[in-house]
Amino acid sequence: MFRAFSRLGALALVVLFSFSLVPTAPAFAVPSVASPVVPAALVRQDNSKEIIAVFDAINAYRKANGVPAVRYNAKVSRMSQEWVAAMASRQAIEHNPGFLNDSRAVGWNAAGEVIAVRWDRKAAALVDWWKSSPSHKAVLLDKRMTVVGLGISFTNATNNYSMAGLANFFGFTKAPAETYATPKDYFGLAGTAKDPITVKYSSAGGLKALGAATGKQVTGLAAGGRVQEYEKATISWSPAAGAAITGGAIRALWRFNWAQDGYLGYPVSDEAAGRGGSLQVYERGRLAWTLEGGAVNLSGAIGPAWASSGGPSSALRYPIQNERSVPGGAVQNFQGGQFFWSPSTGAHFVFGGIKGTWEQMGGSQGYLGFPLTNEQYGFRSGGAVQEFMRGAVTWSPSTNTHVVIGGIFGTWKANGGAAGRLGFPVTGEYPVKGGAAQRFEAGTITWTSAGPKVVSS
């Protein structure tokens, strides 16, 4: 890897790196190692002008040296932008070790990457520095390269670089999908009838429903996305997530969590209102709103578990608080109950009479511990059973609520539990000579030092 330092005036220190490779095209592709990060120094800003300036400067230099122009590839550029944004967030200067095998650039016969940073924001000057270095110049003027992906990110750093640029060059026998003559053609879709944000705005009711635009559409964002702010909502779009509308308190919470640059990513659905609240699904999480709780996060394991249990249509309905830590795990409050999570049990809900009995025994910090299952139904006499780390709580219309623990629980479960021959418990555990016993609908289990004994009634 080549590394050079140069200085032009007091504010133009630039660090240059280049990498070029022409091996046999890989037989397989893996995702890029660049992963979403929570920005520390990254400034979210439209970079389309800088992308165009760098692209034009590269092709002007190639033309001056008798080399065919490269074309702009939006798919490769998403890879480039992801890496340069991650790099800028960390204030690092490093190559993407996974760009050669990224699934967004498959089938190439030549590949190269150059990066540079600046203390000012003169994008075209990035190319001047690349031109001044023999190793970077070789990548820029490689005749085998046919497309380029570009990424530009800005930072708010006062003692480090304020702009980072990256160019990924690839040679293809046939132009891959999402190849444009110039980035102007790609960015030019914004604000036109073909633009997915414009289409979404019109279909949602336009000016009457969302109000007027409050600024220009911002392009060149994370994962190749775009965002347009309106008076009453935000419309975002990315190739993976599509176009979605975000408004109200959920929009404010999404912005607070770094919007598309944060852990949530882009919304993959519009906000959906239901009885008692609303919900919006994102690439890596969910945000919900209720009158009593406002806007809250649904992240980690609890969010998917809630969704798979029925989400807003379940007995728990909408979340009213963010997830919070408890010893050994986490809990989140919902309108109709709670979800608990621990590393060994996963995420499960508790509500109703079973929840009340469990809480009387100390809840997750009591003898029973965290729930191992959700409530289980489908028994011949109706009712429900929920298992916990060290026992179960049961309820049925004819037996009320009872707890089964210890050796009696193990024996009852081995005999089919509530669905087996013994049915539901009709008493709690009570002492007998040398041990304990518990009566069930169709028998009694006695446990002593001699072991368990089951007597049918």
Side-chain angles (χ1 to χ4, degrees), residues 305-306 308-310 314-317 326-329 331-457:
W306 171 73
S308 65
S309 69
S314 71
L316 271 71
R317 303 191 300 281
V326 295
V331 61
Q332 186 159 15
N333 291 345
F334 291 75
Q335 289 169 321
Q338 294 175 304
F339 252 96
F340 280 82
W341 171 88
S342 79
S344 61
T345 61
H348 303 287
F349 62 79
V350 288
F351 75 105
I354 286 180
K355 176 176 179 287
T357 299
W358 174 66
E359 287 177 335
Q360 289 174 10
M361 296 187 66
S364 65
Q365 306 306 302
Y367 176 81
L368 287 170
F370 286 87
L372 277 175
T373 69
N374 294 328
E375 285 195 7
Q376 303 169 60
Y377 310 106
F379 304 102
R380 59 179 176 268
S381 57
V385 175
Q386 185 159 14
E387 292 187 28
F388 296 84
M389 295 172 74
R390 289 177 286 276
V393 180
T394 70
W395 173 88
S396 79
S398 60
T399 63
N400 210 337
T401 306
H402 295 287
V403 178
V404 191
I405 59 174
I408 290 178
F409 168 69
T411 302
W412 175 66
K413 189 174 180 181
N415 280 270
R421 64 188 178 97
L422 292 169
F424 281 87
V426 297
T427 70
E429 187 177 295
Y430 54 90
V432 296
K433 185 177 180 180
Q438 188 164 8
R439 287 194 294 115
F440 296 82
E441 290 177 300
T444 301
I445 298 177
T446 303
W447 184 91
T448 66
S449 58
K453 181 179 180 181
V454 179
V455 178
S456 299
S457 57

Problem - Nearest non-hydrogen partners of Phe409 and Ala392, listed with the distance - result: CE1-CB, 3.6 Å
Problem - Pairwise side-chain contact, Arg421 with Val454, heavy-atom cut-off 4.5 Å (strictly under) - result: yes
Problem - Gap separating the OG atom of Ser308 from the CG atom of Asn374, nearest 0.5 angstrom - result: 7.5 Å
Practice task
Using a 4.5 Å cut-off on heavy atoms from C-beta on, say whether the side chain of Thr357 contacts that of Val403.
Solution key: yes
Exercise for the section: Nearest 0.5 Å please: distance from the OG atom of Ser309 over to the CZ atom of Phe334. Expected result: 8.0 Å
Practice task
Please work out which of the three classes, parallel, tilted or perpendicular, describes the rings of Trp358 and Phe388, given edges at 30° and 60°.
Solution key: parallel
Practice task
Test Phe370 against every option in Val331, Val350, Thr345 by the side-chain contact (heavy atoms from CB on, under 4.5 Å) rule and name the one that passes.
Solution key: Thr345
Practice task
Please round to the nearest 0.5 Å and tell me the distance separating atom CG of Asn400 and atom OG1 of Thr427.
Solution key: 12.0 Å
Fill in the blank from the handout: Heavy-atom closest pair (Gly366 atom, Arg390 atom, distance to 0.1 Å) is O-NH2, 3.4 Å
Exercise for the section: Could you tell me whether a side-chain N or O of Ser342 sits under 3.5 Å from a main-chain N or O of Gly328, the two making a donor and an acceptor? Expected result: no
Handout entry: Contact check, side chains of Phe424 and Val385, non-hydrogen atoms, under 4.5 Å
Key = yes
Problem - Mutual orientation of the aromatic rings belonging to Phe349 and Phe339 [parallel < 30°, tilted 30-60°, perpendicular > 60°] - result: perpendicular
Practice task
Work out which heavy atom in Pro397 is nearest to a heavy atom in Gly382; give both atom names and the distance.
Solution key: CD-C, 4.3 Å
Problem - Spatial distance of atom CD (Glu441) from atom OG (Ser396) [nearest 0.5 Å] - result: 5.5 Å
Practice task
For Thr373 and Glu387, indicate whether the former's side chain and the latter's backbone hold a donor-acceptor pair under 3.5 Å.
Solution key: yes
Practice task
Return yes if some donor-acceptor pair links the side-chain N/O of Gln386 with the main-chain N/O of Pro371 below 3.5 Å, else return no.
Solution key: no
Exercise for the section: Measure the spacing between CH2 of Trp412 and CG of Leu422 and express it to the nearest 0.5 Å. Expected result: 9.0 Å
Handout entry: Nearest heavy-atom neighbours spanning Pro452 and Thr411
Key = CB-OG1, 3.2 Å
Handout entry: Considering all heavy atoms, the nearest Glu359-Gln338 contact
Key = OE2-OE1, 3.6 Å
Problem - Residue pair Glu375 / Trp395, side-chain heavy-atom distance below 4.5 Å - result: no
Practice task
Using a 4.5 Å cut-off on heavy atoms from C-beta on, say whether the side chain of Thr394 contacts that of His402.
Solution key: yes
Problem - Atom pair CD1 (Ile405) and CD (Glu429), whose distance is rounded to the nearest 0.5 Å - result: 5.0 Å
Practice task
Determine the minimum heavy-atom distance between Pro425 and Gln438, stating which atoms define it.
Solution key: CB-NE2, 3.6 Å
